[in-house]
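Just so you know, these numbers use all the heavy atoms, side chains as well, and skip hydrogens, waters and symmetry mates. Every chain is numbered from 1 and lettered A, B, ... according to where its sequence line falls, protein lines coming before strand lines.
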Amino acid sequence: MILEQITEQLTETLETRVLTLFGHALDRVVLQSPPRLAMGDLATPLCLELAKVLKRKPREIAETLAKDLKLPMFVQKVSVEGAGYLNFRFDRGAFTVAHMQSVMSPPAHAGERVIVEHTNINPNKAAHIGHLRNAVLGDTLVRCLEWLGEHVETQNYIDDTGVQVADVVVAFEHLLKEGPADVQKRIEDPTVRFDYFCWDLYSRMANYYIDHPEAEAWRRDTLHRIETREGDTSKLAELISRAIVRRHSTTMLRLGIEYDLLPKESDIIALHFWDRAFELLKKSGAVIHEREGKHKGCWVMKLEGTADFEGMDEPDKILVRSNGTVTYTGKDIAYQLWKFGLLDRTFNYRKFMSYPDGRILWETTAADGSPEAPKFGSAQRVFNVIDVRQAYLQRVVREGLRLLDHQREADNSIHFSYEMVALTPATAEALGLEVSETDRKRPFLEMSGRRGVGVKIDDLIDAMQSKATEAVREGSKREGLSDAEIEQLGREIAIGAIRYFMLKFGRNKVIAFDFNEALTFEGDSGPYLQYSTVRVENIFRKMQERGVDAKLDDASLNALTLNEGLSDEMWELVRRSADLPAAVQRAVESLELSVITHELFELSQKFNSFYHKYPIMNEKDDAERQRRAVCAEVFRRTMRSALDLLAIPVPERM
RNA sequence: GUCCCCGUAGCUCAGUUGGACUAGAGCAACAGCCUUCUAAGCUGUGGGUCGCAGGUUCGAAUCCUGCCGGGGACGCCA
C-alpha cells in the first residue's frame with residue numbers, strides 16, 4: 001500500500017522530469033528492488049534505456065535526473081549507482097510504522113464478475129493427485145482474485161452423461177449384475193469408500209473391453225439410455241455420479257476447497273443449450289455442413305486461416321457427427337457462451353449440499369429450481385483451469401466465441417493451463433504397479449484412471465497426516481496436548497504441506513510425483529512457512545505471559561524514531577513484506593501462483609535468520625527491543641494474511 | 001509432418017517483458033550450533049561449459065536462428 005503509493009509517485013515524477021529535461025516521453029518506468037537492499041530500497045534502470053535513445057552516457061543522464069529530484073514521502077534520498085541506476089533509499093522507521101498498519105492490504109479495484117471453473121473430475125472414480133493440482137491451482141486462483149476485489153463464482157463442471165460414468169454403470173449392470181438398490185447399499189455402507197470401489201471397478205471394466213470388444217455394445221446402449229433418461233440404467237448413472245461427486249466434495253473439503261455451483265452436462269442437454277448455440281453458429285456461418293470429402297455429413301467449424309490454427313494440417317473441428325450427435329467440444333462452446341451470458345437461456349438451480357461454514361453448494365437442474373438461488377453466470381471474465389493437453393480444445397472454444405463476433409469475450413476466455421502430474425518409476429513401483437524395464441528408465445510415468453494407475457488424493461492426505469501427527473507426538477515440547485489436539489495439528493500441517501507442494505512448481509513443469517519428496521516437512525515446504533509463523537506468534541505470546549511490553553501501541557511507536565537502529569536484516573523483513581501485494585498481482589496476471597509461495601519462502605528464511613540473531617523478549621534495551629518487535633510484528637501480520645490467502649492453516653504449535 | 005512445453009549444482013527447482021554481483025534456493029554430503037522467544041530451525045564448506053552451435057547488443061541463463069535430448073497436442077474420444 002505504502003510501497004504502491006511511492007512507486008506511483010516516483011513513476012509520475014520521473015516521467016514528467018524526463019519529458020521536461022530531455023523532451024522524451026517514457027512508456028514505462030520499471031521500479032524494482034535492487035539485488036541487495038544495501039544498495040537501496042527501490043531502483044530503476046531507466047537511464048540505461050534512455051542512454052540509447054538520447055545517445056548520452058547513462059550515468060550522466062542519471063546525475064542530471066537525480067539533481068533536485070522531488071522525492072515522495074518516506075523516500076529519503078536518491079543516488080546514482082552502478083552503470084547508471086537510480087537508487088532510492090527509504091526512511092526505514094517511518095516506512096515501517098506506516099507499513100505495519102497496512103500489511104497485505106489489496107490494491108483498490110472495481111470488482112468484476114469472474115467465473116473460475118476447476119476440478120471437473122469425471123464422477124466415476126476416486127480423485128487422484130492430477131486432479132489435486134487442478135483443484136489447488138484453481139482454488140488458490142479464486143482466493144487471489146477475491147483478494148484483488150473481484151466477484152468470483154467457482155464452478156465445478158460435472159460430466160454426468162459421459163463415457164466414463166457409462167463404463168462404471170456397465171460394470172455394475174453387466175459384470176456385477178447389480179441394480180440401483182444394490183448400488184445404493186454400497187454407497188451407504190460405511191466400511192467401503194464408494195469412490196475407491198469404483199476406481200477398481202472402472203479399471204476392471206476397461207480390461208474387460210480389451211478382452212471382449214463385443215462388450216462395447218453395452219457401452220453404446222448405456223450411453224443412449226443415460227442421455228434419454230431411460231429406466232434403471234439412467235437411474236444408476238445418476239446415483240453413481242451423485243455419490244461420487246459427494247465423495248469428491250468431501251475430499252476437497254479436507255483441503256479447504258469449496259465450490260459455488262455444479263453445472264451438469266445432463267442439464268445442458270436437457271435444456272437444449274447446444275441446440276441454441278448450434279442455431280447461432282449456423283446463422284453466423286461459423287459452422288458449415290460438409291457435403292463432400294472426409295467430413296461428409298458433419299457440421300464443422302472452419303478454422304483454416306485463423307491465426308491460432310496456422311500451419312495445421314487439418315484445423316477444422318467437427319462439432320456434429322454425421323450421425324447427428326454433438327461432440328464434447330460443441331457442448332463446451334454452448335457452456336462457454338452461457339458463462340458469458342451470451343446464450344438466451346439458462347439453468348435452474350437447487351441446493352446440492354451445505355458446507356460446515358454455511359456456504360451452499362448449488363447444482364443445476366432442468367426441473368423447477370429454488371427461488372433462493374443466487375444469480376449465476378453472465379461473467380465478464382472466465383478462467384478455465386484445465387491441463388495443457390486440452391490446449392487445442394480450449395482454443396477451439398475461444399475461436400467459437402470469436403466467430404460469433406464476441407471478440408471481447410473471446411479475449412476474456414482464459415485457459416489456465418498447467419502441466420500434468422506424473423509418477424516417478426520408483427513411486428509407481430512402491431504402489432505395487434508393474435513397471436517394465438523400459439519404463440524404469442523414463443523420467444516419469446503418466447497416471448491413468450482407466451488403468452487404475454495413480455495416487456488417490458485421500459491416500460496422500462492420510463499418509464501426510466499420519467506422518468505429521470507422528471512428528472507432533474515425538475516433539476519434546478508438545479506435552480500437555482490431548483489426542484484430539486495432536487490430530488488437529490497433524491491435519492493442519494498435512495494440508496499446508498500438500499497445498500504448498502502443489503503450488504511451488506511453475507505451472508509448465510511436469511510434477512514427477514515422488515512420495516518422499518512430497519512428504520517432506522523441511523526446507524522449501526508448507527510446514528516451513530507454518531513453523532516460521534508459529535515461532536513469531538510464540539514470541540508475542542511468551543512476552544504477554546511474562547509481562548514484557550513490546551511497545552507496539554501507537555504512542556510508543558510515535559515516541560521512538562526507528563530509523564537509525566533498524567539493521568539491514570531487520571529492515572529486510574519489512575521491505576520484503578511490502579513487496580507481497582505486487583507479487584499476488586503478478587501471480588494472477590501471469591497465472592504463475594508459484595511466485596507467491598516463493599516470496600513467502602524467502603521472507604520466512606529472512607525471518608528465521610533474524611530470529612536466531614535478534615532475541616526480543618530478553619533484550620534489555622527498550623528501544624532496541626521495540627525495533628525488533630516491530631519487525632517481527634510486520635512479519636507476523638504478513639504471514640497471517642498470506643497463509644490465509646493460500647488457505648494454509650496456521651497451527652497453534654508445532 | 002506441424003505446433004506447444006521442458007532442458008540451470010549429484011537430485012528437485014528459482015531466476016527468462018535483457019542489465020548491477022562471484023548465476024541463487026531446497027534436498028543430499030561434510031563441519032559446527034539446543035541450561036537463552038520451539039533444532040520442523042540456524043551458521044559454514046564443497047558442488048555449475050545455465051543442453052549444443054551461431055547471431056543481435058554497450059550488456060544474454062533471459063531475445064533470434066539452427067541443432068540435440070525429454071514430454072505433450074493435433075480424433076466423427078471426453
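- Proximity note for A/M39 (side chain, C-beta onward) versus B/A78, B/A40, B/A20: the nearest is B/A20.
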Dump every N/O contact between nucleotides 7-10 of chain B and the protein below 3.5 Å, one line per pair.
from: B/G7; atom 1: OP1; to: A/K509; atom 2: NZ; distance (Å): 3.2

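- Residue A/R442 places at least one side-chain N or O under 4.0 Å from the OP1 or OP2 atom of B/G71.
- Between the side chain of A/N87 and the base of B/A20 there is at least one donor-acceptor pair of N/O atoms closer than 3.5 Å.
- Separating the C1' atom of B/U57 from that of B/C63 is a span of 10 Å, rounded to the nearest Å.
- Ring-plane geometry between A/F607 and A/F635 is classed as parallel, the angle between the planes falling under 30 degrees on a 0 to 90 degree scale with a further cut at 60.
- In this structure, A/A51 reaches neither bases nor backbone, as no heavy-atom distance under 4.0 Å exists between it and the strands shown.
- No hydrogens or angles considered: nothing links the side chains of A/E522 and A/T520 as a donor-acceptor pair under 3.5 Å.
- Using modelled atom types, one finds no donor on one side chain facing an acceptor on the other under 3.5 Å when comparing A/E216 with A/Y209.
- B/G10 and B/G47 are spaced 11 Å apart, taking the P atom of each and rounding to whole Å.
- A sub-4.0 Å separation between OP1 or OP2 of B/G24 and a side-chain N or O of A/R36 is absent.
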Report each atom pair, protein N/O against N/O of nucleotides 59-63 of chain B, whose distance is under 3.5 angstrom.
from: B/G59; atom 1: O6; to: A/K52; atom 2: NZ; distance (Å): 3.3

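- Set against B/U38, B/C37, B/G71, the side chain of A/M420 has B/G71 as its closest nucleotide.
- Among the nucleotides B/A78, B/C37, B/A20, the one closest to any side-chain atom of A/I539 is B/C37.
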Report all interatomic pairs (protein N or O, nucleotide N or O of nucleotides 41-43 of chain B) with separations under 3.5 Å.
from: B/G41; atom 1: OP1; to: A/G523; atom 2: N; distance (Å): 3.1
from: B/G41; atom 1: O2'; to: A/R535; atom 2: NH1; distance (Å): 2.6
from: B/G41; atom 1: O2'; to: A/R535; atom 2: NH2; distance (Å): 3.4
from: B/G41; atom 1: O2'; to: A/H612; atom 2: NE2; distance (Å): 3.0
from: B/C42; atom 1: OP1; to: A/Y528; atom 2: OH; distance (Å): 2.6
from: B/C42; atom 1: O4'; to: A/H612; atom 2: NE2; distance (Å): 3.0
from: B/U43; atom 1: OP1; to: A/S609; atom 2: OG; distance (Å): 2.9

**OP:** Carefully, step by step, assess A/R541 and A/Q544 under the rule side chain to side chain donor-acceptor pair (under 3.5 Å).
**Re:** CA-CA 5 Å; A/R541 203 189 55 209; A/Q544 196 169 22; over 6 Å; no
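- Evaluation of the salt bridge (Lys or Arg N to Asp or Glu O under 4.0 Å) test over residues 293-302 of chain A, restricted to residues two or more places apart or in two chains, returns A/E290-A/K302, A/K294-A/E314, A/K302-A/D316.
- One side chain, A/Y528 or A/N608, offers a donor N or O that lies under 3.5 Å from an acceptor on the other.
- Of the candidates B/G71, B/U12, B/A20, B/A20 carries the atom nearest the A/E81 side chain, counting heavy atoms from C-beta on.
- Comparing B/U62 with B/U8, their C1' atoms sit 12 Å apart, to the nearest whole Å.
- Taking atom C1' in both B/G46 and B/A29, the straight-line distance is 9 Å, to the nearest Å.
- A heavy atom lying under 4.0 Å from RNA chain B marks the following residues of residues 325-333 of chain A, by number: A/T327, A/Y328.
- B/A9 and B/U22 are spaced 15 Å apart, taking the C1' atom of each and rounding to whole Å.
- Here the shortest heavy-atom pairing between A/C198 and A/K125 reads CB-CA, 4.2 Å.
- Out of B/A20, B/G71, B/C76, the shortest distance to the side chain of A/C298 is found at B/C76.
- Salt bridge annotation for A/K542-A/E545: absent, with no cationic side-chain nitrogen under 4.0 angstrom from a carboxylate oxygen.
- Close to B/U38, at under 4.0 Å from its OP1 or OP2, lies no side-chain N or O of A/R541.
- Comparing the P positions of B/G32 and B/A23 gives a spacing of 30 Å, expressed to the nearest Å.
- Contact between the side-chain N/O atoms of A/N538 and the OP1/OP2 oxygens of B/U38 is found at a separation under 4.0 Å.
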**OP:** Give RNA chain B the dot-bracket treatment, 5' to 3': Watson-Crick (N1-N3 with N6-O4 or O6-N4) or G-U (N1-O2, O6-N3) under 3.5 Å, [ ] crossing, | other strand.
**Re:** (((((((..((((.....[....)))).(((((.......))))).....(((((..]....))))))))))))....
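- Residues A/A583 and A/V595 share a closest heavy-atom pair of O-CG2, 3.5 Å.
- At whole-Å resolution of the value, CG in A/L31 and C1' in B/G19 are 15 Å apart.
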